[in-house]
Every structure is written in C-alpha cells, then in structure tokens.
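In what follows, a single structure is set out as structure tokens and then discussed.
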Amino acid sequence: MSASFWIGLFQLFLVVGGALAVSLFIIDRLFPPMRQVQGSVEPYNLRTPVTRTATVVPSPLQWPLAPAWLPQYWQENLRLVGPLLLIWLLSVVLPVVLAAPLNQISVLTGFPLGYYMGAQGTLICFVALTFAYNWRMRLLDRRFGIDPADSPEERLTRRRYSVRYLLFATGLFGLMGLFIILETWFGLPANLIDWSFLALAIGLYAVIGIRSRADTLDAYYVADRKVPGILNGLATGSDWMSAASFISMAGALYLLGFEGLAYITGWTGGYVLLVLLLAPYLRKFGQYTLVDFIGARYPGAGARVIAAVSSIIICFTYVTAQVTGIGIIMSRFLGLNYMVGVIVGLAAVLLCSYLGGMKAITWTQGVQGIILVFAYLVPVTWLAYRLTGVALPQVMYGEALSNIAQLEQAQGLSSYVAPFNDWSIWNYLALSLCLMLGTAGMPHILVRFYTVPTVRDSRSSVAWALLWICVLYLTAPAYAAFLRWEILGSVVGQPVAELPDWTNRWASTGLLTIADDPDMGGNGDGVLQYQELRIDQDLVVLATPEIAELPATVVALVAAGGMAAALSTADGLLMVIASAVAHDIYHRTLNPRAGSRERLLLGRLAILVVAILAALTALQRLAIIVQLVAWAFSFAAATIFPVLVLGIFWRRANSRGAVAGMLSGFLVTASYMALTYLAPEWAILGISSSAAGIFGMPVNFLVTWLVSRRGPPPDSEVSALVDYVRYP
C-alpha cells in the first residue's frame, strides 16, 4: 500500500479518536463518577431464599453450606433436563435426516413438510421446551419452598416498564401512520422522511442513555440486577438479532434454499441449551461477567485470562460486523459517505455504552427490539397481503412455495425446498450444532442473565427472549419465498427492457446484476434467464418495500430497523469487551486493589479504543468479516461452552483441565479453519470452516476430562461453589 494510504489512515484515526475523546471527556465531567455501594460486588443472591432447611449465611470469602435437600433437588432437576435435551436433539436431527421423504407431504397452505419442520416446526418445539422447563422448575421450586414471591418493587418495575414499552409501540405505529399521511397527501420528500426517522431514533436512544446513566458499578455492569424477566427477554432478543439477522438472513435463505435453514435452527436452538444448562446457574453465582464464574470455578489466572481473551476476540469480530452494517445502511438509505455513516452510527452506540453501561443498554435495547421487529414485519406482511390476500406471511408463504415449485418445474430449475443441493447433510448438522453451542457460549448473551433479580427470572427471560427472536426468525423464510416467487413469476423470462422498475433501481446499487450481456456470461438474447440474475443477500429485506410498492415511510422504517439491530448488538458487545479488560483482566488479575473510579475509566477507555479499532477495520470493507463472525461462533462453542457446562455439572473438573481444554479446543478449531479455508477440498465429510467448532468442542470436553482426572480434585471451596449454584 502507498504511503498516502497510511498517512490518510493515521489522520482518520486522529480525527475520529480525537473527536470521540474530547466528547467523552466532556461527558465524564458533566456526570458524576461511579461509586461502589456497599455489597455491590457480592456474588450471592441479594434475596434470602425461603428454604426447608436453613443454610449458613455466606461470608465474603466462603460459599454457604449446601442444604440437606440439595441431592434430591438436583436429581429431580437432572431427570427433567435429560429428556428435554433428548427431545431437543431429536427435533434438530430427525427433520434433517428425513427431510427428503417429508417433503413429499404438503401441509397447511402448501408447505412441504420437511421444509416446514426446518423453517418453523423445530423453532416451535424449541419455544415449547423452554416454557415447559420453566413451568416444571417453578413447580419443583415450590415443592422445596424456594420460590419466593415477587417484591412490591419488582412488581412496580415490571408494570412501569411494560406500560412504557406498550405506549412506545403504540406511538411508533401512530408515527408511521402520520408520516404516510404527510407523504401521501402533502408530498413529504422521501429523503426528509429517512432523515427524520434516523434523527428521532438516535435522539430517543440518547435520551434513554442519559436518563438511565449509571452511578454505581452494579448499575454499570448488571443494571442493578433489577430487570424483570420478560423485559430482560426483550432486551436479550434485541441484543441477539443483529444486523446479520435483520438484513442478511432472509437473503441467505433465498440463495441457499433448504440449506439456509441451518442458520434458523442454529441461532435459536442454543437458547434451549442456555435455559437447561447455563443461565440459571450463572445468575445464582452473581457478580458481573461469565469470566468471573470461570475464574471462581477454576482458580488461578490461567483460566480467567484465557476466557477473557477469548471473549474479547469473539466480541471484537462480531462488533466489527455491526459497525460495517451501520455504514452500509446509512450509505444506501441516507446517501451518506460510508465513512461518515460509520462515525455517526458509532457515536450513537457510544452514547449509551460509554455513559450508562448495562443499565442504559438494557432499556435502549428494549426500544430497539420493538423497532426492529416492527420494521421487519410491516413490509413482508404488506407483500403477503398483496400476493395472497391474507396478511399472515408466516402462514401464507406456503402458497408461495407451491407456486415456486410450479415455476421451477416449468423453467427447468432445481428445487428450492429440496435438501442438500449444495451441502452435505454432515455440514448442515455440524453447522446447526456449532451455531447452537456457540450461541450458548456467546459472552454478550450470557452476561444478560446477571441483570435479573432471581434465578427464576433468568429462566423466564430465556424463554421470552426465544419467543421474541422467533417472531423474526419465523418470518425470514417468508421474505425469501415471496421474493423468489416474485422473481420467477415477474422477472425471469421477461425482456430485459421491460423488467419491473425496482430491478433497475437496485441494479444501480450493485446489489442486483442483470448479466444478459455475453461479456458478463449471459447469452445476449435480450430475455432474462434465471442464471443471468445475480442477487446479493442483503437485497432481499432492503428491496421488499419497493417490490411491494410501499410508501417511502416504510423504506425509512426498514432502515431504522436495520440500524436498531446493529446498534443493539454493538452496545452489548462493547460492554462485554469493556468488562473483560477493566474487570476480568485488570482488576481481577493485575490489580485487585483498583478502585471503582479507576476501573470505570479503564472500561470507558476500552470501549473508546475498541470502537475506533472496529471503525477502522470496518472502513476496509473486508470480505472476510462475515466469515469471521461465523468463526466467532465456532470459537465460542470450542472454548467457553464446554468449561461452563463441566464447571456446573461435573464437580471433578479442575483448573488444569479447563486451561488445557480451552487451549486444545481453540487450536483444533483454528487449525481446521485455516486448513479448510485455504484448501476446501480437505474438508472432512464436507464440513466447512464455518462449522470448525464441531471438532474443537469435543476435544475440549475430552481434554478437560482427561487432565482433570489425572490432576488433584478441586478444593472444598470450589466444591461448595458448585453446590451453591445448583439451587435457586
């Protein structure tokens, strides 16, 4: 690269970093510093459980003795978890193995049963499993006298925020109606509508960030542990539904067909593992981060530092993709320069992350979740009504699939719903399982379960989060199906000069290419063939408002939804990186005597530095970024997930085993990634580098087990910790 490039990059770093540093310095002076209230780092549940047998009150350095009824309680829990895990596994594997024969059966509005099970049936089963586990555990807790009633403060908080979110959703609907009236009757320019939605959304996030600013470490790291379960589920779902889910998932389904359902299954099934294996136990442990649990369960700096570094690597790759998505949305919808779009979006992220911490992020993510789901549902619902006469896209895209099958047969195309046209069945299953295990090991999701008041709330928040996520994930296949129906019926086979207007508009963006010209690989006959139409996966959701001939207000709403998806996920990821640097590495490992203000300033500095680095990386528009995000799930599955599960369910696991397991899992995963990325023909059973964690994960489990068996058992304090997290 030329010297001018590096000079320009350095200047950009100075401009962006200087502006952000000055802004954050001013904010830091305007608002009071953090204070550490007495007991804010207490790792125990603040609410004293009502138990059948009294337990010893814990001191700051010791875990309480286990109640006498714990063995019976734990055995009944395991008897419940075992069958639910078996049902979960069968619901993932059987529809895939039997997809071809099941596709011969048509259900509902024309769904091939094999495709329906992958797109909807399995997700419905996941939701049922999480709610069933919540219900059975609530009954079990009542039997053992450990299901205390909600406090008046908790009921008031839940009611207050439920009313606020309901009013906001109503106001959002009314605002959209107002802009449609202004556009239709008064000719309000589309560009002004786009900017208005952007300004209102970012302004709202800023107001929430300032009003919810944190003044204690508990508020900054875990939102004072006062977030009701249902509202934490909304925030968790918003945190999870990133720009990739909002913009790219439907496009991946359009391009891959049946194989794209691996992402639908993989990114939802992990929540079953969360509620059964991790979330309740991490909440019972308390403190601030998942690395806190790993550090306490596996004493010594080794396990803590490796887990913290893994969290930083995973979250940095993920946040870079979100920043890239912000730049793309702003440049395509608002006409901003890509770099300016990145900077503006990043400033909006920092306003919440830097000032308010988890407290502001939580309430902001609730608002962002409503916006992104509303923005996702409106266009495809409108399109479903236009094409089928029924405004239920999740049900009516079965009709689209029936019409697609007829059009494919007439045009001699391979079946969209037929399984494994491009992938092996092993790659499908490996990727699905890898995404599930990675989801269960994602640091920015795990930390959300520290924010609720009780263990019961942590369970319920997983169920509500999955239900909220499924609203979007059950709809994504409808986007893909309706667009394919529209393209096969109204675009393919038409003269190039007579294509619908929306194809010409999107061709100018580079997301759609009409390659009829022989120089571009076409046959030059002036009639568009299917192979001559090349569509970028980002087009499907972004172009739907125009395909459905919707008002410009809906287009602006989609842009606001994409922004909300990217910002909500970026907020949570930056928070995890800040806590890993300031809390897990600096305070817990290097300087245990660090004060709350020192830790806060270091955390904010980490947010600033990582934000700038993510922006600089995103400005390069690296094609490998999407691949890095997929790899992040593999690393989470191969490093963090195994040691968390063994730490809870196997008392014998020790620090040496955890360190050896995480390192071996990482090395095996990274080696397979490098091998198959550089030489895809070396893939085992056709398993791609995106699913490399499926090899590292069992190696982690095996190595941790072998090394732990050969080493000394954990001390009595660690054993007491294991007992402590096993009951509410």
Side-chain angles (χ1 to χ4, degrees), residues 41-44 58-64 221 278 281-282 284-315 441 443 446-447 450 576-594 599 602-603 606 635-636 638-670 696-697 699-726:
V41 296
E42 185 68 46
Y44 312 108
S59 68
L61 298 177
Q62 293 180 343
W63 302 99
Y221 282 121
L278 296 176
Y281 312 107
L282 291 177
K284 178 62 185 297
F285 170 73
Q287 292 205 11
Y288 295 144
T289 69
L290 72 94
V291 181
D292 274 332
F293 175 77
I294 292 176
R297 177 59 181 85
Y298 304 107
R304 178 184 292 277
V305 171
I306 292 172
V309 171
S310 298
S311 297
I312 293 171
I313 293 173
I314 292 167
C315 291
L446 290 169
V447 75
Y450 285 133
V576 169
I577 293 173
S579 60
V581 172
H583 179 73
D584 297 320
I585 295 178
Y586 181 72
H587 173 58
R588 292 295 192 186
T589 306
L590 301 177
N591 186 11
R593 296 184 179 181
R599 292 154 58 191
L602 182 59
F635 283 128
T639 57
I640 293 175
F641 177 76
V643 295
L644 288 177
V645 172
L646 289 175
I648 295 167
F649 289 86
W650 189 43
R651 191 186 303 274
R652 187 67 171 73
N654 61 23
S655 300
R656 293 179 184 175
V659 170
M662 285 191 287
L663 289 176
S664 59
F666 179 88
L667 292 174
V668 169
T669 301
M697 181 270 298
V699 169
N700 188 333
F701 274 112
L702 179 61
V703 170
T704 303
W705 180 78
L706 289 174
V707 175
S708 296
R709 293 291 297 178
R710 291 180 174 274
D715 59 29
S716 58
E717 187 169 342
V718 171
S719 296
L721 165 61
V722 175
D723 285 335
Y724 178 75
V725 301
R726 288 182 174 183

Testing the basics here: between C315 and I577, what is the closest heavy-atom pair and its distance to 0.1 Å? CB-CG1, 3.7 Å
W63, F293, F285 screened by ring pair (Phe, Tyr, Trp, His ring centres under 6.0 Å) with Y724, the one that passes: W63
Less than 6.0 Å separating the ring centroids of F649 and Y281? yes
Residues at least two apart in sequence or cross-chain that pass ring-ring contact (aromatic ring centres under 6.0 Å, His included) with F635, listed by chain then number, are F666
Interatomic distance, CD1@I640 vs CD1@I306, rounded to 0.5 Å, equals 11.5 Å
Gap between atom CG of L602 and atom OG of S579 - 0.5 Å precision: 11.0 Å
I'd like to check V447 versus L290 (side-chain heavy atoms, cut-off strictly below 4.5 Å). Are they in contact? no
Which class fits the ring pair F641 and F701: parallel under 30°, tilted 30 to 60°, perpendicular over 60°? perpendicular
Applying side-chain contact (heavy atoms from CB on, under 4.5 Å) to S655 and not counting sequence neighbours gives Y298, P299
Nearest 0.5 angstrom please: T639 OG1 to L644 CG, how far? 9.0 Å
Any idea how Y221 and H583 line up, ring-wise: parallel (<30°), tilted (30 to 60°), or perpendicular (>60°)? tilted
Atom pair CD/CZ of Q287 and R588 - distance to nearest 0.5 Å: 4.5 Å
Test side chain to side chain contact (heavy atoms under 4.5 Å, CB included) on V718 and D715; report intermediate values, then the result. CA-CA 6 Å; V718 171; D715 59 29; 3.3 Å; yes
Who passes side chain to side chain donor-acceptor pair (under 3.5 Å) against T704, sequence neighbours left out? N700
Main-chain N/O of G661 paired with S664 side-chain donor or acceptor, under 3.5 Å: yes
Heavy-atom pair with the smallest gap, counting every atom of T669 and A638: OG1-CB, 3.1 Å
What heavy-atom pair brings A653 and S708 nearest, and what distance separates the two atoms? CA-OG, 3.6 Å
If you measure from OG on S716 to CG on D723, what distance do you get to the nearest 0.5 Å? 11.0 Å
Could you tell me which non-hydrogen atom of V722 sits nearest to which non-hydrogen atom of V725, and how far apart they are? O-CG2, 3.3 Å
Separation of R651 CZ from L646 CG (nearest 0.5 Å): 13.5 Å
Using every non-hydrogen atom in the two residues, find where I294 and A307 come nearest and quote the distance to one decimal. CD1-CB, 3.6 Å
Please report the shortest heavy-atom distance between S311 and P443, naming the atom on each side. OG-CG, 3.7 Å
Quickly, which of I585, D584, V576 forms a side chain to side chain contact (heavy atoms under 4.5 Å, CB included) with I312? Name it, please. I585
State whether the number of non-hydrogen atoms from other residues, nucleotides or ligands found under 6.0 Å of R652 atom CZ is greater than 12. yes
Taking the side chain as everything from C-beta on, heavy atoms only, tell me whether M662 gets closer than 4.5 Å to P642. no
